[in-house]
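Take a look at the structure set out below.
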Amino acid sequence: VLKKFTKEWLEKQSALEEGLEASTGSMDLAELERQANALEQTPQDQQCFATTFGTLIYFLRHSKRWSRSQLASKADIDENVLDNIENITEYTPEPRAVLQLAKLLGFPSRKMLEVAGLIITHDVKLRDHAVRFAASGKDFHKLSTGQKKILEEFVKYLAKKD
Amino acid sequence: VSSRKKVCLRNRQTRQDVEADFIDQVEQGQIEAAMNAWKPVTEEALRRMAEAGVPVEQRPQHGHWDWRRKHANLAKYLRYQFLGIECDNEMQGLCLIQTAGMFCRIPSQLDKGLVYIQFLETAPWNSPMIVDQPRYALTGSMLLAGAIEISIDLDFKGCIGLHALPQAEGFYSKAARMTDLGIDDIDDYHRGLRYFEMTQEQAINFMNGG
């Protein structure tokens, strides 16, 4: 419900507004449409995110030196589900598994659901990180310094609280 | 799904508060009706100004806007939302907000999400650029309040941002009490316009009259 403003607020605000023009805006309509189109999520994007999520979990598990069964146990999810997340690119995880992993790994739930492709993201930076991350390969032991940096930046961005 | 919430505007002549509706998803038919009512008033005012030799920079910079096209082209995108204030069965103001993909610039909230106001326009009879005696006050403020509440709902903590046309800078610095970050030299599409942003604290102050 839009806040109910007091009589004093209405009085003060209408006095402040007096003689001032509020109308504003300038972006070209075609440009607004172009930007919106560029950022709408396509099925290819969703696939990219699904792949990214599995790779990310794989990377984080290795960085913590946890076995698959250890991570599954800590997150309270089925080990087969974790196996599917890490290895099957077409696999769409259940929200509960994603939320359990987010909680365990300390990431905001919404961002993890976006990375898992379960909700559409409008976060341009998250998309950029995910695309760069997806392109950087899976076996992080063999990654170059530049590729490791991409992973670290992605994890850092994910860990940032909204 | 569109919903309505009761708000107040103030009649500038009688100084009485009048009940109005805040609409959070304006539909195409409502935009059509608004344009049919607004256009003749705006066009007549622009014609009189041209005849009187009013310099171009003193004429309303928003006089040519067509909300029908804006709505027809952008309403299908989730990121855009058309807000409106209706009173006396007429649209008193319209606002197009962007709810995704825009980020704060003030250092204390850098890169956090915000609600960005792409366009805001009051009905011509409420505009001091167009009529000598505007009919209703608070249309702009109520649209801003609506944008702030949507920002809170989206976990953006009330943060909003916009680029102001030169004629509207006073409104956003004095009436909205937003932070003026100066002329934008970053964004190619708003180069030369001043960028204003409202912090969480300013949003609370605005809503509470502080």
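Letters A, B, ... are given to chains in the order of the sequence lines, protein chains preceding strands, and every chain is numbered from 1. Quick note: numbers below take in every heavy atom, side chains included, and nothing from hydrogens, waters or symmetry partners.
With chain A as the partner, the residue from His62(B), Arg177(B), Glu121(B) showing the most heavy-atom pairs under 4.5 Å is His62(B). For chain B, the option among Gln13(A), Lys12(A), Lys125(A) with the highest count of heavy-atom pairs below 4.5 Å is Gln13(A).
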Indicate every side-chain donor-acceptor pair of residues 168-175 of chain B with a distance under 3.5 Å to a residue at least two apart or in another chain.
residue, atom, partner, partner atom, Å
Tyr172(B), OH, Ala22(A), O, 2.6
Ser173(B), OG, Glu169(B), O, 3.1
Ser173(B), OG, Gly170(B), O, 3.4

Which atom pairs, one a donor and one an acceptor, fall under 3.5 Å between side chains of residues 132-140 of chain B and the rest of the protein, sequence neighbours left out?
residue, atom, partner, partner atom, Å
Gln133(B), OE1, Gln13(B), NE2, 3.4
Arg135(B), NH1, Glu90(B), OE1, 3.4
Tyr136(B), OH, Asp88(B), OD2, 2.3

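More than 12 heavy atoms of other residues, nucleotides or ligands lie within 6.0 Å of CD in Glu44(B), so this atom counts as buried by the packing criterion. Enclosure of atom CD in Gln28(B) by more than 12 non-hydrogen atoms of other residues, nucleotides or ligands within 6.0 angstrom is indicated.
With a 4.5 angstrom heavy-atom cutoff, Tyr80(B) touches chain A only via side-chain atoms. With a 4.5 Å cut-off on non-hydrogen atoms, Glu31(A) touches chain B through its side chain but not through its backbone. Interface residue Leu120(B): backbone and side-chain heavy atoms are both found under 4.5 Å from chain A. Glu8(A) does not touch chain B: none of its heavy atoms, backbone or side chain, sits under 4.5 Å away. Within the 4.5 angstrom heavy-atom criterion, atoms from both the backbone and the side chain of Asn208(B) approach chain A. Only the side chain of Arg12(B) comes within less than 4.5 Å of a heavy atom in chain A; its backbone stays farther off.
Figure legend: cation-pi geometry between Lys111(A) and Tyr157(A), with NZ or CZ positioned under 6.0 Å from the six-membered ring centre and within 45° of its axis.
Of the inter-residue distances, the one linking Phe82(B) atom CZ with Gln118(B) atom CD reads 10.0 Å to the nearest 0.5 angstrom.
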